[in-house]
A.B. asks: 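One structure follows; several queries about it will come next.
For the single chain, residues carry numbers from 1 onward in sequence order. Bear in mind that the values here come from a model prediction, so they are computed numbers and not experimental data.
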Amino acid sequence: MPLRLGKLLRSWFRPRPPAPRPAADPRMTTDAWLGAVFAQLGDRYQLGPDSPEGAQVLRRTGRARFNPMPVWLRSADFLVRADYEARGEEAAARALLDQRLSGRLQALGLASAAESVEEWAGTVITRRYQGTCTAPGSAAAVVRFVCEDSETQINLAAET
């Protein structure tokens, strides 16, 4: 009896099989730069749909689901773009973006390119950083920083 119970419990808690790998994106096989960028990023990243801004980067945050990240790659001119949002008092939000992100992104080759201020449930500043990364390693480093090492949405009220 205990043997059967142990077998039953093991069958309930058996790890799920890994999610099937997505089919290879033809854009990565035809474009050497994109292929090299994603070769360095690994399986947690995919290329999303194309747009005039470039192709959005998708990142797997769970077992099988890929989420859109605020990063776009345009291989025609090796452009990398990233958007950050800060919610709160306008001057404080700008200062926080400058303090936390501008220097680190500048070191990776991106500079502030545009900024918009919107009023919806408070003030929201959206700042776009962009730069040319001809080396696939530097583009991969930017994507990894934006997706893993920084907060893309900051609420100043939660900071204090």
A.B. asks: Judged by atom type as modelled, is there a donor-acceptor pair below 3.5 Å linking the side chain of R94 to the main-chain atoms of I125?
C.D. replies: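 No, R94 side chain to I125 backbone: no donor-acceptor pair under 3.5 Å.
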A.B. asks: Given the rule that I, L, V, M, F, W and Y join up when any side-chain heavy atoms are under 4.5 Å apart, are L79 and L41 in one cluster?
C.D. replies: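 Cluster IDs for L79 and L41 differ.
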A.B. asks: Please check: side-chain N/O of E151 versus main-chain N/O of I154, any donor-acceptor pairing under 3.5 Å?
C.D. replies: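 Not confirmed, E151 side chain does not pair with I154 backbone.
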A.B. asks: With a cut-off of 3.5 Å and sequence neighbours excluded, list every side-chain donor-acceptor pair involving residues 102-111.
C.D. replies:
{"residue": "S102", "atom": "OG", "partner": "D98", "partner atom": "OD1", "Å": "3.4"}
{"residue": "S102", "atom": "OG", "partner": "R127", "partner atom": "NH1", "Å": "3.4"}
{"residue": "S102", "atom": "OG", "partner": "Y129", "partner atom": "OH", "Å": "2.9"}

A.B. asks: I'd like to check D77 versus T132 (side-chain heavy atoms, cut-off strictly below 4.5 Å). Are they in contact?
C.D. replies: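 When only atoms from C-beta onward are counted, T132 and D77 do not touch, as no gap falls below 4.5 Å.
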A.B. asks: Are W72 and L58 co-members of a hydrophobic cluster defined by side-chain heavy atoms under 4.5 Å apart?
C.D. replies: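 L58 does not cluster with W72.
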A.B. asks: So how far is it from T126 OG1 to E118 CD, rounded to the nearest 0.5 Å?
C.D. replies: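 If we round to the nearest 0.5 Å, T126:OG1 and E118:CD are 5.5 Å apart.
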A.B. asks: Checking F78 now: which residues fulfil ring-ring contact (aromatic ring centres under 6.0 Å, His included) with it, not counting sequence neighbours?
C.D. replies: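 W33.
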A.B. asks: Among residues two or more places apart or on two chains, list those pairs meeting salt bridge (Lys or Arg N to Asp or Glu O under 4.0 Å) that have a residue in residues 26-38.
C.D. replies: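 Matches after skipping sequence neighbours: D25-R27, R27-D50.
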A.B. asks: Taking atom CZ of F38 and atom CG of L73, what is their separation to the nearest 0.5 Å?
C.D. replies: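 Atom-to-atom, F38:CZ and L73:CG are 5.5 Å apart.
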A.B. asks: Can you tell me if R59 uses its side chain to pair, donor with acceptor, with the backbone of N67 under 3.5 Å?
C.D. replies: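 Not confirmed, R59 side chain does not pair with N67 backbone.
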A.B. asks: Residues sharing V124's hydrophobic cluster, by side-chain heavy-atom contacts under 4.5 Å among ILVMFWY, directly or via others?
C.D. replies: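 ILVMFWY cluster around V124 also holds W120.
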A.B. asks: Can you give me every donor-acceptor pair (side chain of residues 133-147, partner residue at least two apart or in another chain, under 3.5 Å) with its distance?
C.D. replies:
{"residue": "S138", "atom": "OG", "partner": "A135", "partner atom": "O", "Å": "2.8"}
{"residue": "R144", "atom": "NH2", "partner": "Q40", "partner atom": "O", "Å": "2.7"}

A.B. asks: Does a salt bridge link R128 with E53, judged by any charged N lying under 4.0 Å from a carboxylate O?
C.D. replies: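 Answer for the salt bridge query: yes.
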A.B. asks: Out of curiosity, F66 CZ to L47 CG, how far, rounded to the nearest 0.5 Å?
C.D. replies: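 It is 11.5 Å, given to the nearest 0.5 Å.
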A.B. asks: Listed by chain and number, what are the side-chain hydrogen bond (donor to acceptor under 3.5 Å, both in side chains) partners of R81, not counting sequence neighbours?
C.D. replies: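 side-chain hydrogen bond (donor to acceptor under 3.5 Å, both in side chains) check on R81 returns Q130.
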A.B. asks: Passes side-chain contact (heavy atoms from CB on, under 4.5 Å), M69 versus T152? Steps please.
C.D. replies: CA-CA 9 Å; M69 303 305 287; T152 56; 5.8 Å; no
